[in-house]
Number of protein chains: 2
Amino acid sequence: MKPAEQPLDNQINVMIIEDDELYRESIQELINDCESLQCNHAYESCEAGIQAVEEGFAPEIILIDIDLPGMNGIEGIRHFKQLSPASKSVMLTVFDDDDNIFNALCYGASGYLLKSASSENICQYMTDVLSGGAAMNPHIAAKVLKMFTQYSQPKKEYGLTGREKEILQLLVNGMNKKHIAGELCISLFTVDTHLKNIYAKLQVHSQIDVVSKALKERLI
Amino acid sequence: MKPAEQPLDNQINVMIIEDDELYRESIQELINDCESLQCNHAYESCEAGIQAVEEGFAPEIILIDIDLPGMNGIEGIRHFKQLSPASKSVMLTVFDDDDNIFNALCYGASGYLLKSASSENICQYMTDVLSGGAAMNPHIAAKVLKMFTQYSQPKKEYGLTGREKEILQLLVNGMNKKHIAGELCISLFTVDTHLKNIYAKLQVHSQIDVVSKALKERLI
DNA sequence: TTTTCCATACCCGGATCGCGGTATATTTTT
DNA sequence: AAAAATATACCGCGATCCGGGTATGGAAAA
C-alpha cells in the first residue's frame, strides 16, 4: 500500500489541539517528520484553534484532545465542523470509554486514536483519513461495533400478527384509532380489538407505552 | 506491536465459508501460511458449516462470504452466533454497500473485510480479532462512522424549557399526566399547561406524537 | 375433521386527553 | 423600571381511550 506522494510544497496541514505542552510538541514533531504532513498550528485550547480557523486557516485534519481546559474536545468538534466542514477531526485521547467514543463519532469525528498506541502509525492513520477512511485501531473499532449490536438489539419477538404490526406501524406514525380505521378500511371497533391484543402481547396499557416500546426496541 | 506467539500445536482454528472453489482454496492457503493460524474446515455453504459446528467443531474464527447459494452469509452469522457464541464471525466479501455492512455488524460480526484488499494483511486482521479487536479497513470503518452520524443527526432545537424537557422525559418513560404531576409534586393542571406548551413548540397534537417525535429525533 | 388462530365487528362505563380560556408570582432580559 | 419568559394553578366540554365483555366467519394447524 503505497500512499500517493505529496509534493513537498503541498503537504497536508494538520492542526493540533492539546493542552499538555510536552505531548503537543512531541506529536507536532512526529507529524512534521512525515514527509506528506506538516503542522504549523498547534494550540493548547479549542478556543485558540477556533480563532485560527475563524481567521482563515483551514487545516485538512484537526487532531484534538478530549480533556481540555475550557471547551472540551467533543464540543470542539461541533464548532470546527461548523466553521470548516471540509476539515476532518480526529480524536487523540487517553479515554476509551463508550460515551466519549460514541459522542465524538456522533458529532462527526473521522477517527478516534488512543495516545497510548498511536505514535507509531499516526502518519498512516492521517493518510487514511485524507483518502476518506477512518482512523481507528482494532480495539476502538470493536467498541464501535459493540455499540452497533447493542443498539440494534435482539429484536424481541412478541408474536404480533401481520395486521397487528400494520396497526402498530400506523400508530407510531402518529395516527389515532379513527384514522387507522379509515386507512385500513375497517371498523373502529376492529382497530380497538387489535390494539387490545397488541397491549396484551407487549404487556402495556396505553398507546404511549406501545409507541415508546416499539421505538425503543425497534419493533417497527 | 508484537503478537503473542502461538505454539504450533495450538494454532487458531479458522473456518471458511465461500462458494467459489478457487477463491476458497486460495484463502485457505493464505491462512495456513500464517504460522499462528490453521484452516482444516472450508465449506461452500452455510449449511455445511453449520453441520460441522453441530457435530462439535468450534472454530475461533469464521470467515464467511455474503453471497452464497442457499442461506446467505448474513443469516449465517446469526446461526453461528447461536450455535457457537464464542466463535467470531468475519465477513469476507465484495459488497461494500451500507445495508450489507449494517446488517452484518448488527448481527454481531467481528469484522468486515473486502476481498479486494484483504489478502495482504488477513493474518494481522485475524490476530486482531482474536485479541478482541475488530477487523475493518479504513474504508469500511468510515462507512460505519457515517452510519453513526446519520443516526444521531442534527438534534433540532425546539426551545423547550427545563421543566418541559423534564415532563417530556417522564412522558416518554410511559407516565400519564396524573403520575407526572405526582412525581414532580405539582398540580395536574400545571402538567397540562406545560404539555400544551410542548405541543405548540413541537407542533404536535397528542401524547403519541410527542413521544414518537421525541424518540425519533432523539430529543431526550 | 376438529381445533386453534386470525381478522373482523359491536357495546358500555369510567378514565383520560386536547383545547379553549384565565390568572398570578418569580426570574430573566432588555 | 418595564417587558418577556417561566412555572405555577384552575375550569369545562367534547373527543378519545381503556378494559371488560361477546360474537362470527375463514384460514391454518393438529
Side-chain angles (χ1 to χ4, degrees), chain A residues 70-71 75 79 154-220, chain B residues 71 75 154-220:
Chain A
M71 185 187 303
E75 277 298 310
H79 285 80
K155 277 185 185 169
K156 289 181 200 162
E157 189 45 66
Y158 293 97
L160 296 182
T161 70
R163 203 54 157 172
E164 286 162 359
K165 283 178 187 169
E166 206 170 348
I167 286 172
L168 179 55
Q169 177 68 64
L170 295 175
L171 207 57
V172 169
N173 287 346
M175 282 193 189
N176 66 16
K177 295 195 279 193
K178 197 188 277 185
H179 286 148
I180 293 174
E183 177 75 17
L184 299 180
C185 296
I186 55 178
S187 151
L188 173 58
F189 299 118
T190 305
V191 177
D192 239 321
T193 306
H194 284 305
L195 206 46
K196 269 188 279 194
N197 293 333
I198 295 174
Y199 287 177
K201 287 177 182 176
L202 301 199
Q203 303 202 65
V204 298
H205 305 279
S206 75
Q207 294 191 16
I208 321 286
D209 286 335
V210 166
V211 171
S212 180
K213 192 158 190 165
L215 285 172
K216 283 178 180 170
E217 301 189 10
R218 277 167 247 315
L219 300 178
I220 42 89
Chain B
M71 187 187 304
E75 276 298 309
K155 274 186 185 169
K156 291 180 199 162
E157 188 47 67
Y158 293 97
L160 296 182
T161 70
R163 202 54 156 173
E164 285 162 1
K165 284 180 186 168
E166 206 171 349
I167 286 172
L168 178 56
Q169 176 70 62
L170 295 175
L171 207 57
V172 169
N173 287 345
M175 283 192 187
N176 65 17
K177 294 196 279 193
K178 196 189 276 184
H179 285 148
I180 293 174
E183 178 74 18
L184 299 181
C185 297
I186 55 178
S187 151
L188 172 59
F189 299 118
T190 305
V191 177
D192 237 321
T193 306
H194 284 306
L195 205 46
K196 270 188 277 193
N197 293 332
I198 294 175
Y199 286 178
K201 288 177 182 175
L202 300 199
Q203 303 202 63
V204 298
H205 306 278
S206 75
Q207 294 189 18
I208 321 285
D209 286 336
V210 165
V211 170
S212 180
K213 193 156 191 166
L215 286 173
K216 282 178 180 170
E217 302 190 9
R218 280 167 249 309
L219 300 178
I220 43 89

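These values consider heavy atoms only, across backbone and side chains, with no hydrogens, waters or symmetry-generated copies. Residue numbers begin at 1 in each chain, while the letters A, B, ... track the order of the sequences.
Formation of a donor-acceptor pair under 3.5 Å by the B/Lys213 side chain with backbone atoms of B/Leu202 is found in this model. Here the side chain of B/Lys201 pairs a donor or acceptor atom with the backbone of B/Gly159 at under 3.5 angstrom.
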Handout entry: B/Leu170 and B/His179: CA distance, side-chain angles, deciding distance, side chain to side chain contact (heavy atoms under 4.5 Å, CB included) verdict
Key = CA-CA 9 Å; B/Leu170 295 175; B/His179 285 148; over 6 Å; no
Practice task
Assess whether side chain to side chain contact (heavy atoms under 4.5 Å, CB included) is satisfied between B/Gln207 and B/Lys177, documenting all intermediate values.
Solution key: CA-CA 10 Å; B/Gln207 294 189 18; B/Lys177 294 196 279 193; 3.6 Å; yes
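B/Lys178 comes within 4.0 angstrom of the backbone, heavy atoms only, and of no base. Among the protein residues, B/Thr190 comes within range of the nucleic acid bases, having at least one heavy atom under 4.0 Å from a base atom. As judged by a 4.0 angstrom heavy-atom cut-off over every strand, B/Asn197 is placed among residues making no nucleic acid contact. The residue B/His194 sits close to a base: some heavy atom pair falls under 4.0 Å. Among the heavy atoms of the strands, none lies under 4.0 Å from B/Glu164. Within 4.0 Å (heavy atoms only), B/Ser187 reaches sugar-phosphate atoms of the nucleic acid but no base atom. Using a 4.0 Å heavy-atom distance criterion, A/Ser206 is classed as a sugar-phosphate-only contact.
When rounded to the nearest whole Å, the span between CG of B/Leu202 and P of C/dC19 equals 13 Å. One atom, CG of A/Asp192, and another, P of D/dA23, lie 18 Å apart when rounded to the nearest Å. Between the P atom of C/dG18 and the NZ atom of A/Lys177 lies a distance of 13 Å, rounded to the nearest Å. Atoms CD1 (A/Ile180) and P (D/dC17) sit 8 Å apart, rounded to a whole Å. When rounded to the nearest whole Å, the span between CG of A/Asp209 and P of D/dC17 equals 15 Å. Computed from coordinates, the A/Gln203 CD to D/dC18 P distance equals 17 Å when rounded to whole Å. The nearest whole Å value for the distance from the CZ atom in A/Phe189 to the P atom in D/dG20 is 18 Å. Atom CZ in A/Arg163 sits about 15 Å away from atom C1' in D/dA27, given to the nearest Å.
Between A/Thr193 and C/dA7, a side-chain N or O to OP1/OP2 separation shorter than 4.0 Å is absent. Note on A/Thr161: every side-chain N or O is 4.0 Å or more away from OP1 and OP2 of C/dC5. Contact between the side-chain N/O atoms of B/Tyr199 and the OP1/OP2 oxygens of C/dG18 is found at a separation under 4.0 Å.
Of all heavy-atom pairs spanning B/Gly174 and A/Asp209, the tightest one is CA-OD1, 3.2 Å.
Place B/Lys196 and B/Leu184 on DNA chain D by their nearest nucleotides, and B/Leu184 ends up nearer the 5' end.
Checking C/dC17, D/dT8, D/dT16 against every side-chain atom of B/Ile186, the shortest atom distance belongs to D/dT8.
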